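Sequential numbering from 1 along the given sequence is applied to the chain's residues. All figures in this text were calculated on a predicted structure; none of them were measured in a lab. Both counts, for ligands and for their atoms, begin at 1 and track the order of listing. Reckoned from all heavy atoms, side chains included, excluding hydrogens, waters and symmetry mates.
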Amino acid sequence: MTAYFHEEFETMPRAALEALQLKRLQNTVTRVYEKVPFYRESLSKAGIRPEQIRSLDDLRRLPFTVKQDMRDAYPYNLFAAPMDDIVRIHASSGTTGKPTVVGYTRKDIDIWADLMARTFVATGVHKGDIIHNAYGYGLFTGGLGAHYGAERLGASVIPISGGNTARQLLIMQDFGSTVLTCTPSYSLYMAEEAREAGIDFRDLKLRVGIFGAEPWSEDMRRDIEAKLNLHALDIYGLSEIMGPGVAIECIEAKNGLHIWEDHFLAEIIDPESGEVLPDGATGELVITTITKEGIPLLRYRTRDITSLNRETCVCGRTHARLARMSGRSDDMLIIRGVNVFPSQIESILMRIEGVEPHYLLVVDRHDNLDTLEVQVEVNETLFSDEVKVLQALALRIEKEIKDFLGVTSKVRLVEPKTIARSEGKAKRVIDNRRK
Ligand code: DLL
């Protein structure tokens, strides 16, 4: 029997859901038109007045919002509520320039806690669970987002945040944690430290892991599930839209992430032309928030690459599912004209015996030609093997990458623990061409 947190909303028939979406979209467009000069201007430029939004199809007429708009509005110019009503501020670090700042009203925090509680329930988590929350607490939304959801659900939350892995393991053992929340890469780091400390995950009480904040692959899921002895589920979110809990895989299907459509409208567009693509087609995810007060966003281009599936799920939820993110359009590497996502290389690596889930892609340009070096760790046994064996393995991986992705690479097998471990979002790519 599927458990729900908000059964009425989670299983709402499409027609009722769409009626609710339209009403909320109309309110949001009115709100930003009245309160945010940026939107008043961009809507006026597009020739749209709020009362012209009469059906969900009118969504397409609205202008996009992009990350640069948020940077230009730094720090508060996109806020649609007075600062007096903002009770929390988060920001995403970003790799270049100023961070992207978001503000939440009390109601926004309340809805976020509800949606995170809903998210937990979809993964089979319930009151009575002990949630070991190793997402970072701070400006990053992961820690506090999961924390409030856990409390809203009535579970016990351990606000451990990231770092000090030895202590994490000790607490997990002694406190009887049943749920782990952190990035997938950090969960693998924990597995590695546990093995070295002689801790067997089969002796722990962990049952569910809720992993996200960075791309990962189906093959990595299998690896994590085997090493940590739990169900590993994919959680998606971004600070601009809310934080964690925008979309989640349900434990019943483990196949696609339900995006909470009573609060977010999802579209997939062709990242080049901006044209809306049909369900099932892969493209860039665009999200419109329809209940936010602090910083509502119209058609925000997430740059995340996925597809939409609106078929009803075995879990009974009617909310559309997003395919596992293959990466961000700005993480896509173009190597000698071939498009490659780091996650595609990850999938190939993960299928090879003896190869560890720790890798780094180094892209460079020599004599006007792009080069790709794949550094990947192999296990102790393999590493101490003869050079010949290692060379043959490197060649085999190069061949698989060439055969599957059409790109030439140089594979460098490295000793265990050579590649930096991450307690948060892993860094998988160094692109020296961007320097
Ligand atoms: O990463 C929020 C979050 C916290 C999500 C904890 C899940 C768990 P930001 O730091 O703003 O927010 O980064 C958002 O991370 O646009 C994606 O590119 C990436 N991302 C998040 N979840 C996933 C996922 C948080 N499940 C950016 N798969 C997003 C792939 C993800 N990428």
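Of the heavy atoms in Asp304, only side-chain atoms (C-beta onward) come closer than 4.0 Å to ligand 1. At a heavy-atom cutoff of 4.0 Å, ligand 1 is contacted by the side chain of Phe140 but not by its backbone.
Atoms of ligand 1 lying under 4.0 Å from at least one heavy atom of Thr141, given by number and element, are 2 (C), 12 (O). Close contacts between ligand 1 and Met325 involve ligand atoms 28 (N), 30 (C) [criterion: under 4.0 Å to a heavy atom]. Near Asp234, meaning under 4.0 Å from one of its heavy atoms, ligand 1 places the atoms 24 (C), 26 (N). With ligand atoms numbered from 1 in the order given, ligand 1 contributes 6 (C), 8 (C) to contacts under 4.0 Å with heavy atoms of Tyr135.
Atom 9 (P) of ligand 1 has its closest protein heavy atom at Lys425 NZ, 3.6 Å. Of the protein's heavy atoms, Glu214 N, 3.6 Å lies nearest to atom 31 (C) of ligand 1. What sits closest to atom 7 (C) of ligand 1 on the protein, heavy atoms only, is Ala213 N, 3.4 Å.
Closest heavy-atom approach to atom 5 (C) of ligand 1 within the set Gly237, Ser92, Gly142: this belongs to Gly237. Of the candidates Ile235, Leu322, Ile305, Ile235 brings a heavy atom nearest to atom 26 (N) of ligand 1.
Not one N or O of Trp216 is nearer than 3.5 Å to an N or O of ligand 1, by distance alone.
Between Ser329 and Met332 the shortest side-chain heavy-atom distance does not fall below 4.5 Å. Between Ile48 and Ile53, some side-chain heavy-atom pair lies under the 4.5 Å cut-off.
Remark: side-chain polar atoms of Asp403 are not paired, donor with acceptor, to backbone N or O of Glu400 under 3.5 angstrom. In terms of modelled atom types and a separation under 3.5 Å, the side chain of Glu346 and the main chain of Trp216 share no donor-acceptor contact.
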Residues 72-85 side chain polar contacts: donor-acceptor under 3.5 Å, at least two apart:
from, atom 1, to, atom 2, distance (Å)
Asp72, OD1, Gln68, NE2, 2.9

Donor-acceptor pairs under 3.5 angstrom involving side-chain atoms of residues 114-121: please list them, not counting sequence neighbours.
from, atom 1, to, atom 2, distance (Å)
Asp114, OD1, Arg152, NH1, 2.9
Arg118, NE, His6, ND1, 2.8
Arg118, NH1, Asp262, OD1, 3.0
Arg118, NH2, His6, ND1, 3.2
Arg118, NH2, Asp262, OD2, 2.7
Thr119, OG1, Leu115, O, 2.7
Thr119, OG1, Trp260, NE1, 3.1

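The aromatic rings of His90 and Tyr104 lie perpendicular to each other, with more than 60° between the two planes, well past the 30° mark.
Here the options are Leu233, Asp234, Val246, Ile235, the test is side-chain contact (heavy atoms from CB on, under 4.5 Å), and the partner is Leu257; only Asp234 passes.
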